[in-house]
K.L.:
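Below is a structure I'd like to ask you about.
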Protein chains: 2
Amino acid sequence: MPARIRSANSSSGTGVLRNLNRSLVLKTLWQRPGLSRSELARELGLAKSTVSVVVAELLEEGLLREGEEMPGGVGRPSRALELDREKNLVLAWEISVDYLAVRLQNLMGEVRRGQDLELGPDPDPSACLDRLAQASRELLRGLGHSVYLRGLCLSVPGLVEPQHGHLTLAPNLGWQDLPLLEMLGHKLAQHRIRVETPPILENEANTAALGVYTLGEWRVANLAYLSLGIGLGSGLVLDRQLFWGSHGHAGEIGHVPLDPQGPPCRCGKRGCAETFVSLKAWRADPTEAGLERMADKLGLLLAQLLNLLDPDVVVLGGPLVEEIGPRLLPLARAAARRYALEQAARTAQIVLSPFGRDTAILGAGVLAIRAFLEAQRSGVGA
Amino acid sequence: MPARIRSANSSSGTGVLRNLNRSLVLKTLWQRPGLSRSELARELGLAKSTVSVVVAELLEEGLLREGEEMPGGVGRPSRALELDREKNLVLAWEISVDYLAVRLQNLMGEVRRGQDLELGPDPDPSACLDRLAQASRELLRGLGHSVYLRGLCLSVPGLVEPQHGHLTLAPNLGWQDLPLLEMLGHKLAQHRIRVETPPILENEANTAALGVYTLGEWRVANLAYLSLGIGLGSGLVLDRQLFWGSHGHAGEIGHVPLDPQGPPCRCGKRGCAETFVSLKAWRADPTEAGLERMADKLGLLLAQLLNLLDPDVVVLGGPLVEEIGPRLLPLARAAARRYALEQAARTAQIVLSPFGRDTAILGAGVLAIRAFLEAQRSGVGA
DNA sequence: GGGCTAAAGTTCGAGACATGAACATATTAC
DNA sequence: GTAATATGTTCATGTCTCGAACTTTAGCCC
């Protein structure tokens, strides 16, 4: 009989219930900071005593912070609880086509410090990671010893293999088939940056989707993010979860055929969405007529998304949106109404990302936070 | 302070752990019948004693059955456990365009008895339900008193509103805006059919997708089912869950625009997928050329699905497939390869439904079973 | 056939944990 | 100042899982 490590996947055992409740409390306070112990108990259907114990544990570990007393009427005032904004930080990294970025975020996703770095053409992967680590080191300087770096996520414009953190293909960087997550791990070690939860590598459209979903104003179940840049990609949040598909390629709409007789695409086919809707297409024809044609094709794409996935919100972002978003949006909305099912077009909102150029990196932070909170489920604490 | 009913949504309280473990055992035995207590314990990471207690409870309630001893080598032989195939049945109903169908299935999805009924044009909803209930009554006759009817699901070719069980629109039946689930409840009461779990109303493509996913040979996470009939619809199983979208309209691909200059569609737009890929299109041009054109357009649609969702399997079913499936399949595969991303086209299988005309109704049974097992989580037992 | 080994399933005491009632605490209302 | 009210804590109780010891039932070997 093989030696059997404590089965990690499944259900019960010592501490499962406690972990479940820890996780519930953390998740609830993440979404709705400022609740009191009593409110948590009511909300979660737990006994007040149980919540008190769990909260005490989490306070002890530095995960929660007790706020001021909140005089709310008759009776003893309650004490607001929230994730400790000071003690717990995550690093978000972004490699974009023409810049690198680092952000230090707290558990609420708020940016505490950040830095952007120029990036020349034909960047070297190892050098990029070095610069990111270097910049992070500086941002972390002088933060005090009671501050924990809870997680890290790197957002890249390319196809990521989710299991091992390989970067399969990043055409706009000229990279392919890199063990990027492994390299990242080595750089962190070299630069003496200790992260509690294993680092994460993720596609830029996916982090952006998760970021907008989490930090945006919409409390919805299904959201699609369209990343309009040199190429065209998308990230999907379905039933409140980031959707990867079976091989991590979900959302690759850049090469959906919109017109089999259309112009040739770098992928070898003709009339891919990317040939109509992208920075490249805009550069080729930056006129009002070009804009209208682009919006029309974008409408076709939106119709596919709306009819197939019935989302609450579709968010447009990326460099092209930075450039012409406000002009593009009304045309795209009209085109979507023209092509999509009436119900879908009526119920779904189409909006621009409220976070501009920072959308993807904010989402990377969110992903790191989620991974950390997830890991807390079965953790023995800090 | 308002009177507070035992919070149903959330976590813990008396018996939560036990319910979790009950649910785990049931789910595991559903997917892999014949496991022993020991194997379950190993599989789930539970103590043998715990599994024994839970299993004893479930045996008591008639949910599980203990099989013969399985001599497997040295040591005391184990006893196979499985969901009790005899004592627990569900009803699956289907209203199709030209027939009604009833199936009595056990918890493994196997059909024990069934009946098909002819259906004339312009069917009356109430009469349909009456005939279904009547037929069910006969199928149930003489089943013994220790047999429980655990659930019921009705599959319909139309748009369903998930919350209240309204049938919003079923163009091919000429029905719209019917409180079909409520009517169904009344009919059951009239015909003295007692079902333990609340009946379910679901779109035909969705039940079919779930059925193929569950009863098919593929053990996958993501599957799309295309229903090719008078119209064109699809059902999506994403991350092992049936996907509805935000308003229950996910998968409505019949009116995705494939060619803005195409023929007019009954929906008022031009060049909808349905105008190219459907029984109607085939009837209009049942030639080799027509077949090739249809396959080409189907390829466009498949490319959208494959690129956007990265599924493991796409299953084709419905009346059109019954008629020309084997001729259509190779052409559709070729077209998909022509239009989809290479990776997606290579990794995803495109197949015909192995269950033919019964795909949707088998899936309805599966949905009823899942609902019942789900309800067992917090149930106090039969 | 008898003893040994191996595996399945059961029994039982110990420990973890959620619960609810009683209690302490802090505020408003009068 | 006293009553009312709500928050948060303490503690005895009961549920449930766990692991170790034990029973049962088989194969293996002499």
Side-chain angles (χ1 to χ4, degrees), chain A residues 1-2 4 6-7 10-25 29 34-60 64 66-81 377-378 380-381, chain B residues 1-4 6-7 10-25 34-60 64 66-81 377-378 380-381:
Chain A
M1 190 170 58
R4 201 177 162 74
R6 193 81 193 81
S7 151
S10 82
S11 73
S12 90
T14 311
V16 170
L17 247 194
R18 174 53 57 89
N19 276 329
L20 208 163
N21 288 333
R22 280 172 61 103
S23 160
L24 270 171
V25 166
L29 282 175
L35 292 179
S36 69
R37 291 169 176 78
S38 292
E39 287 167 320
L40 274 172
R42 273 197 296 275
E43 204 75 21
L44 303 176
L46 295 170
K48 284 190 296 175
S49 44
T50 307
V51 172
S52 280
V53 174
V54 172
V55 165
E57 218 177 279
L58 294 170
L59 283 170
E60 177 77 19
L64 290 189
E66 208 165 19
E68 288 311 296
E69 293 185 350
M70 309 195 344
V74 194
R76 173 174 169 179
S78 60
R79 312 207 59 171
L81 298 168
R377 282 177 159 284
S378 37
V380 274
Chain B
M1 190 168 59
R4 201 178 161 75
R6 195 82 194 78
S7 150
S10 80
S11 72
S12 90
T14 313
V16 170
L17 248 194
R18 172 56 53 90
N19 275 329
L20 209 164
N21 287 333
R22 281 172 60 104
S23 160
L24 270 172
V25 167
L35 293 178
S36 69
R37 291 170 176 78
S38 292
E39 287 167 320
L40 274 172
R42 273 197 297 274
E43 205 74 22
L44 303 176
L46 296 170
K48 284 192 297 175
S49 45
T50 306
V51 172
S52 280
V53 174
V54 172
V55 165
E57 216 177 280
L58 293 170
L59 283 170
E60 178 77 19
L64 291 189
E66 205 164 22
E68 288 310 296
E69 294 185 347
M70 310 193 347
V74 197
R76 174 172 170 179
S78 61
R79 311 207 60 171
L81 298 168
R377 281 178 160 285
S378 38
V380 274

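Each chain gets a letter, A, B and so on, in the order the sequences are listed, and its residues count up from 1. Side chains included, hydrogens not; waters and symmetry mates left out as well; all remaining heavy atoms used.
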K.L.:
Measuring only between side-chain heavy atoms, which start at C-beta, is B:Leu40 closer than 4.5 Å to B:Leu46?
P.N.:
no
K.L.:
Passes side-chain contact (heavy atoms from CB on, under 4.5 Å), A:Arg18 versus A:Val53? Steps please.
P.N.:
CA-CA 10 Å; A:Arg18 174 53 57 89; A:Val53 174; 3.5 Å; yes
K.L.:
Once rounded to the nearest 0.5 Å, what's the spacing between atom CZ of B:Arg42 and atom OG of B:Ser36?
P.N.:
6.5 Å
K.L.:
For A:Glu60, does the CD atom have more than 12 heavy-atom neighbours from other residues, nucleotides or ligands under 6.0 Å away?
P.N.:
no
K.L.:
Protein-nucleotides 10-13 of chain D N/O pairs closer than 3.5 Å?
P.N.:
none

K.L.:
Taking the side chain of A:Arg76 as its heavy atoms from C-beta onward, which of C:dG9, C:dT25, D:dA26 lies nearest to it?
P.N.:
C:dT25
K.L.:
Do the non-hydrogen side-chain atoms of A:Arg37 and A:Ser78 ever get within less than 4.5 Å of each other?
P.N.:
no
K.L.:
Would you indicate, yes or no, if C:dA26 has its OP1 or OP2 atom less than 4.0 angstrom from a side-chain nitrogen or oxygen of A:Arg79?
P.N.:
no
K.L.:
With respect to the phosphate group of D:dA6, does any side-chain polar atom (N or O) of A:Ser38 fall under 4.0 Å of OP1 or OP2?
P.N.:
no
K.L.:
Indicate the atoms forming the closest heavy-atom contact of B:Gly67 with B:Arg79, along with that distance.
P.N.:
O-NH2, 3.4 Å
K.L.:
Below the 4.0 Å mark, does C:dA16 have OP1 or OP2 next to a side-chain nitrogen or oxygen of A:Arg18?
P.N.:
no
K.L.:
To the nearest Å, give me how far apart CD (B:Glu69) and C1' (D:dG27) are.
P.N.:
14 Å
K.L.:
What's the shortest heavy-atom distance between A:Gly34 and A:Met70, and which atoms?
P.N.:
O-SD, 4.2 Å
K.L.:
So which one's nearest nucleotide on DNA chain D is more toward 5', A:Glu66 or A:Gly75?
P.N.:
A:Gly75
K.L.:
When the distance from CZ of A:Arg22 to C1' of C:dA18 is rounded to whole Å, what number comes out?
P.N.:
16 Å
K.L.:
Of all the choices, D:dT17, C:dA18, C:dG9, which nucleotide is nearest to the side chain of A:Thr50 once you look at every atom?
P.N.:
C:dA18
K.L.:
Among the nucleotides D:dA4, D:dG27, C:dG9, which one has an atom lying closest to any side-chain atom of B:Ser36?
P.N.:
C:dG9
K.L.:
Does a side-chain N or O from A:Asn21 land closer than 4.0 Å to OP1 or OP2 of C:dC17, or not?
P.N.:
no
K.L.:
What is the distance, rounded to the nearest whole Å, between atom CG of A:Leu35 and atom C1' of D:dT7?
P.N.:
14 Å
K.L.:
Can you identify which nucleotide, out of D:dG27, D:dA4, C:dG9, has its nearest atom closest to the A:Val74 side chain?
P.N.:
D:dA4
K.L.:
Can you tell me the distance, in whole Å, between the CE atom of B:Met70 and the P atom of D:dT24?
P.N.:
22 Å
K.L.:
To the nearest angstrom, how far is A:Leu44 atom CG from C:dA18 atom P?
P.N.:
12 Å
K.L.:
Figure out the CG/P separation between B:Leu46 and D:dG19, and round it to whole Å.
P.N.:
10 Å
K.L.:
May I have the distance from A:Leu20 (atom CG) to D:dT17 (atom C1'), rounded to whole angstrom?
P.N.:
15 Å
K.L.:
Nearest-Å distance, CD (A:Glu57) to P (C:dA16)?
P.N.:
13 Å
